[in-house]
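Take a look at the structure set out below.
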Protein chains: 2
Amino acid sequence: MRFEDCLCFQLACLSRSLSRTYRDRIAPHGLTQAQFFMLIALYEEDGAPPSRLSQKTRLDRPTVTGLLDRLERDGWVERRSDPADRRSLRVFLTAKAWRHQESLCAVYEEVNGLFMEKFSPEEWQAFRAFLDRLRDDH
Amino acid sequence: MRFEDCLCFQLACLSRSLSRTYRDRIAPHGLTQAQFFMLIALYEEDGAPPSRLSQKTRLDRPTVTGLLDRLERDGWVERRSDPADRRSLRVFLTAKAWRHQESLCAVYEEVNGLFMEKFSPEEWQAFRAFLDRLRDDH
DNA sequence: CAACATCTATTAGCATGCACACTATTTTTG
DNA sequence: CAAAAATAGTGTGCATGCTAATAGATGTTG
């Protein structure tokens with residue numbers, strides 16, 4: 001099989017390409033694409049522990065630790081200890097993050113809309129089914 | 001749109017997942033997935049300059065430089081200067097790389113086969129068309 | 001021919017993303 | 001209850017992948 005036809009190669013290219021679409025729009029906010037996605041996850045689940053964020057974003061825990069480090073450094077989130085379990089933390093969005101919510105979620109919806117509008121609902125369903133079929137058991 | 005339904009997120013997860021499938025099989029050879037793909041590209045175009053490899057793999061040139069650094073360090077490739085243009089280099093596979101060709105290409109075909117067999121030819125064509133539709137103009 | 005632009009590859013700096021190992025805490029088990 | 005196992009988060013080291021800036025060589029243009 002020719003290299004250009006390799007599915008893994010094509011998916012990797014496409015994934016980087018889509019990430020760039022977000023990146024270009026959120027760079028003015030001082031966020032990277034991965035940080036942006038973590039914030040979107042937190043807008044849905046403010047106060048989640050890192051383990052939950054790792055599960056939700058399907059990133060390893062050391063990766064989440066690093067992301068949270070930089071988000072905390074830049075004042076987007078705050079780690080608070082969990083009184084119920086001293087091993088655990090809970091991650092909370094700061095006032096700054098809530099101030100940017102509308103603007104960031106608008107970018108999120110806008111870019112998702114750019115992708116969605118290229119397909120009919122039936123095509124989307126079929127596409128999603130293809131992705132799901134590839135997801136498991138290698 | 002819920003975070004889990006975001007196409008960019010799903011593609012990124014899937015891309016990492018597929019990469020892992022190659023990684024598990026080529027780690028014993030002492031190669032990473034990106035290095036492995038670069039070798040596959042070179043089996044098709046031995047002697048190509050870095051600029052061509054950057055185009056072929058759709059990676060930035062600094063990324064290609066780093067990949068070639070590590071491949072050369074580990075004895076897989078060799079950079080030779082181009083007599084016709086002293087700015088240019090040409091990248092050649094070493095004897096070691098050719099010795100591993102059969103084995104590495106077997107992994108390549110095996111894993112691609114794992115993915116391909118999940119779809120009928122018509123489904124593959126439809127899937128590829130979806131990917132192509134997303135590729136351009138963001 | 002000389003100034004300028006372009007093209008080659010690279011370096012530096014940063015942020016992921018991963019495997020591995022580690023500490024602290026909690027839970028389980030004998 | 002004490003020992004072992006499991007869990008939460010982190011530190012380390014490495015390999016991508018990117019942007020911006022750089023050095024050298026070639027092409028272009030006045």
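Being a predicted model, the structure only gives us computed values, none of them experimental. The sequence lines fix the lettering, A, B, ..., with proteins before strands; numbering per chain opens at 1.
Between the side chain of A:Glu123 and the main chain of A:Ser120, a donor-acceptor pair closer than 3.5 Å is present. A donor-acceptor contact shorter than 3.5 Å links the side chain of B:Ser19 to the backbone of B:Ser15. Under a 3.5 Å cut-off, the side chain of A:Arg61 and the backbone N or O of A:Pro50 do not form any donor-acceptor pair. Side-chain atoms of A:Thr21 come within 3.5 Å of backbone N or O of A:Ser17 as a donor-acceptor pair. Between the side chain of A:Asp60 and the backbone N or O of A:Pro62 there is no donor-acceptor pair closer than 3.5 Å.
Mapping A:Arg20 and B:Arg87 onto DNA chain D by nearest heavy atom places A:Arg20 at the nucleotide closer to the 5' end. Looking at which nucleotide of DNA chain D each of A:Arg16 and A:Leu68 is closest to, the 5′-most match is held by A:Leu68.
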Query raised in the report: Where do A:Phe37 and A:Tyr22 land on the ring-ring contact (aromatic ring centres under 6.0 Å, His included) test, with the steps shown first?
Result: CA-CA 10 Å; A:Phe37 273 23; A:Tyr22 294 94; 5.1 Å; yes
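B:Thr63 comes within 4.0 angstrom of a nucleotide base, judged by non-hydrogen atoms across all strands. Among the heavy atoms of the strands lying under 4.0 Å from A:Pro62 is at least one base atom, whether or not backbone atoms are also near. Looking at heavy-atom distances under 4.0 Å, A:Arg73 makes contact with sugar-phosphate atoms alone, never a base. Contact annotation for B:Thr65: base contact, defined as any heavy-atom pair under 4.0 Å involving a base atom.
The list of side-chain hydrogen bond (donor to acceptor under 3.5 Å, both in side chains) pairs with a residue in residues 62-71 of chain B, not counting sequence neighbours, reads B:Asp69-B:Arg79.
Protein chain B contacts DNA chain D over a range whose 5' and 3' limits, counting nucleotides with an atom under 4.0 angstrom from a non-hydrogen atom, are D:dA15 to D:dT26. Protein chain B contacts DNA chain C over a range whose 5' and 3' limits, counting nucleotides with an atom under 4.0 angstrom from a non-hydrogen atom, are C:dC7 to C:dC18.
Among residues two or more places apart in sequence or in another chain, the side chain to side chain contact (heavy atoms under 4.5 Å, CB included) test is passed with A:Asp74 by A:Trp76. For the salt bridge (Lys or Arg N to Asp or Glu O under 4.0 Å) test, no residue two or more places apart in sequence or in another chain qualifies with A:Asp46. Taking B:Arg16 as the reference, A:Arg58, A:Leu59, B:Ala12, B:Cys13, B:Arg20 meet the side chain to side chain contact (heavy atoms under 4.5 Å, CB included) condition, with sequence neighbours excluded. For B:Glu78, the side chain to side chain contact (heavy atoms under 4.5 Å, CB included) test picks out B:Arg80, B:Thr94, with sequence neighbours left out. In this structure B:Pro49 satisfies the side chain to side chain contact (heavy atoms under 4.5 Å, CB included) test together with B:Ser51, B:Arg52, sequence neighbours excluded. Evaluation of the salt bridge (Lys or Arg N to Asp or Glu O under 4.0 Å) rule for B:Arg2 yields B:Glu4, B:Asp5 as partners, not counting sequence neighbours.
Using a 4.5 Å heavy-atom threshold, the side chains of B:Val91 and B:Met38 count as separate. For the pair A:Leu93/A:Tyr43, a side-chain contact is recorded, criterion being any heavy-atom separation below 4.5 Å from C-beta on.
Taking a 4.0 Å limit (strictly below) on heavy-atom distances, residues 76-86 of chain B reaches DNA chain D at B:Asp85, B:Arg86. Residues from residues 54-61 of chain A placing a heavy atom under 4.0 Å of any atom in DNA chain D, listed by number, are A:Arg61. Near DNA chain D, meaning a heavy atom under 4.0 Å away, the residues from residues 27-45 of chain B are B:Thr32, B:Ala34, B:Gln35.
Taking the six-membered ring for Trp and the full ring otherwise, A:Phe127 and B:Phe127 have centroids separated by under 6.0 Å.
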